[in-house]
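The figures that follow rest on heavy atoms only: side chains count, while hydrogens, waters and symmetry mates do not. We name chains A, B, ... by the order of the sequence lines, and we start the count at 1 in each one.
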Amino acid sequence: MSNPESSLSEQQQIRLEKLEELREQGINPFPTKFDVSHYSKQILSDDNLISETQESGSRVSIAGRVMTRRIMGKASFFTIQDSEGIIQVYIRRDDVGVEEYNTIFKKLVDIGDFVGIKGFVFKTRTGEITVHAEEFTFLGKTVRPLPTPKEVENEAGEIVKYDAFSDKELRYRQRYVDLVVNPDVRDTFIKRTKMVQTMRNFMNECGYLEVETPILQPIYGGAAARPFTTHHNALDMPLYLRIANELYLKRLIVGGFDGVYEFSKDFRNEGLSRFHNPEFTQVELYVAYKDYNWMMDFMEKMIEQVAISLHGSTRVNVGVHEIDFKRPWPKIPMYDAIEKETGHNLYGKTDEEIESIARSLDIHIEEGMGKGKIIDEIFGEFVEPKLIQPTFITDYPIEMSPLAKKHGTKEGLVERFEAICNGKEIANAFSELNDPVDQRKRFEDQARLRSDGDDEAMTIDEDFLRAIEYGMPPTAGIGIGIDRLAMIMTNSESIRDVLFFPLMRPE
RNA sequence: GAAUCGGUAGCUCAGCUGGUAGAGCAGCGGCCUUUUAAGCCGCGGGUCGAGGGUUCGAGCCCCUCCCGAUUCACCA
């Protein structure tokens, strides 16, 4: 919209006219500052601020957006919203002046405008804590009308919403508006941040080092996924946006750090869904001299702590379920879990036997699907959706885990676990493969899968091999999906509800 | 990528078997000095997602396309 005046709505035109009128009245519609003494929440929660008479009260100074207005001639109530909440303001012509009240407040202020109020705190007849305005300052004009949702408590004590800003497309595309008018959205994102902070503190207290590794990578690796491709002009070379940061973090373990972690935006060129956004966040952690059993213990402790810090309890309501993060979480070997749900025991089975079992279970098998992938399909179909409470699934087939160490005792398996919760994977971890000869062989197997048509199979990373050839200590590594975990911790149905700006097609 | 549902005023929605578009909130003009979905009187506001077709006439029927939600498929 290159904004010819005719394309503006009536309300936008009127607001632009008011903007000019403010200037003509000698009022700067966009002043630079205002001294705030209190937030709405402080005022509402501190009875000491309430004064019986105008003279006795201490003064407060608040600022925010005008959200509702009730004009009753020479006096009005309106509410302003600041970063902590909403508070009501009472303003009278005889307190702030005829000009300020009649011309500015009543005629030129709209819902959505920023204002500053100085005054004292009192309680109205109906008991609502309210700021009685003595000074009114204009702080910023909004020229586009904000949605005007209303909430009211009915006789049954239920909150009824009117005119909620509920169109999901508009909410995702105009998150700024969503945040202004839907307080729940704000809470969700605050929880997400608190979740990350809890994890960061937890890892810092363990002495692990937060690091940053490349997002633009000449060779992508560390996961099975299709990448985004880009190009560096000066070097005239292709680059990939990382799909994981595993291989770089392990290079740092080689370099002598005993514990490193990174909260990383990763990028996978896949479809969009309720559970998938092309860019997403995970935290990866690598700790030297530990194995995957230790890591299960670590994860339980950390996530239990997250639940407690967000909800004050290990129990979290998610959809129809109550999920309890209290440790210890059950640990079930993958093949045992599959046997329990399907009756088929996969231990020691050949590729052909597994493929025929999969067919008997109506698993869709495609050309180039390796044994590991087929087993993963069976697991994803029959087991994963049933795991609501947090559960560790352990000991994965070697074919689907090219970076994990072979199992100490179980042939054909690796020391790997996934944490499953609410029917979805939230973490993936293993005892890291540090045998460079074995690692090279696994990469070569991946290269073979790739040439057989699996475009998600890994490519050989010679520099990574060189690194671990210099020697890597035994190491446990984990990746935890931050978005998925945030969905659970905030009871959100879609990944878009825990991303400020989910990817959308252009308008 | 497939299926289903949806897109009408700034927001939330109604719109019958096809007959020239409505409500509440928001806005504008009034009245109103403790209201709270404030109230009362009056008024304005629309490329009905886009384009084509059928028809005397299309928000509504048909076709194509765009955008979204949900489910499925792939993936974390």
Measure the distance from [atom1] on [X] to [atom2] on [N] and round it to the nearest whole Å.
X	N	atom1	atom2	answer
A:Phe77	B:rA37	CZ	P	13 Å
A:Glu128	B:rA38	CD	C1'	12 Å
A:Ile495	B:rU70	CD1	C1'	16 Å
A:Ile111	B:rA38	CD1	C1'	13 Å
A:Asp167	B:rG10	CG	C1'	13 Å
A:Leu146	B:rC25	CG	C1'	13 Å
A:Gln12	B:rG46	CD	C1'	14 Å
A:Gln13	B:rA9	CD	P	17 Å

Does [X] reach a base, just sugar-phosphate, or nothing at all? Heavy atoms under 4.0 Å.
X	result
A:Ala225	nothing
A:Ser76	nothing
A:Ile426	nothing
A:Glu377	sugar-phosphate
A:Asn277	base
A:Tyr172	sugar-phosphate

- Task: Report the C-alpha distance between A:Glu21 and A:Gln25 in whole Å, list the side-chain angles of each, state the deciding distance to 0.1 Å, and finish with yes or no for side chain to side chain donor-acceptor pair (under 3.5 Å).
- Result: CA-CA 6 Å; A:Glu21 179 63 22; A:Gln25 294 286 329; 3.0 Å; yes
Compute whether any side-chain donor of one residue and acceptor of the other, for [X] and [Y], lie under 3.5 angstrom apart.
X	Y	result
A:Asn245	A:Ser264	yes
A:Thr68	A:Thr79	yes
A:Ser431	A:Glu415	yes
A:Gln174	A:Arg144	no
A:Tyr286	A:Glu284	yes
A:Ser76	A:Tyr101	yes

Go ahead and name the base partner of [N]; Watson-Crick or wobble counts if both distances stay under 3.5 Å, otherwise write none.
N	value
B:rG19	B:rC56
B:rG46	none
B:rC72	B:rG1
B:rG10	B:rC25
B:rC31	B:rG39

- Item | Toward the 5' end of RNA chain B, by each residue's nearest nucleotide, A:Phe78 or A:Arg505 | A:Phe78
- Query: For A:Tyr162 and A:Phe165, take the nucleotide of RNA chain B holding the closest heavy atom to each; which residue's nucleotide lies nearer the 5' end?
  - Reply: A:Phe165
From the set [options], return the single nucleotide nearest to any side-chain atom of [X].
X	options	answer
A:Ser273	B:rU34, B:rA26, B:rA73	B:rA73
A:Glu169	B:rC67, B:rC25, B:rU34	B:rC67
A:Asp163	B:rC25, B:rC28, B:rC32	B:rC25
A:Met504	B:rG68, B:rC74, B:rU34	B:rG68
A:Met72	B:rA69, B:rU34, B:rA26	B:rU34
A:Lys150	B:rA26, B:rC28, B:rC11	B:rA26
A:Lys74	B:rU71, B:rU34, B:rC32	B:rC32

Short side-chain N/O contact to [N] OP1/OP2 from [X], under 4.0 Å:
X	N	result
A:Arg15	B:rG27	no
A:Arg171	B:rG68	no
A:Lys168	B:rG6	no
A:Lys123	B:rU34	no
A:Arg70	B:rU35	no
A:Arg69	B:rC25	no
A:Lys106	B:rC28	no

If the [atom1] atom of [N] is compared with that of [M], how far apart are they to the nearest Å?
N	M	atom1	result
B:rC25	B:rA38	P	10 Å
B:rG29	B:rG44	C1'	10 Å
B:rA26	B:rG46	C1'	16 Å
B:rG22	B:rC16	P	14 Å
B:rG7	B:rG49	C1'	6 Å
B:rC48	B:rA23	C1'	16 Å
B:rC72	B:rC62	P	29 Å
B:rG51	B:rU8	P	15 Å

- Where does the angle between the aromatic ring planes of A:Phe392 and A:Phe417 fall among parallel (under 30°), tilted (30 to 60°) and perpendicular (over 60°)? perpendicular
- Message: Does the plane of the ring in A:Phe78 sit parallel, tilted or perpendicular to the ring in A:Phe105? Use 30° and 60° as the thresholds.
- Response: tilted
- Task: Tell me whether the centres of the aromatic rings in A:Phe189 and A:Phe500 are closer together than 6.0 Å.
- Result: yes
Below 3.5 Å, does any donor atom in the side chain of [X] face an acceptor in the base of [N], or the other way round?
X	N	answer
A:Gln88	B:rU35	yes
A:Gln11	B:rG10	yes
A:Glu10	B:rG44	yes
A:Thr124	B:rU35	yes

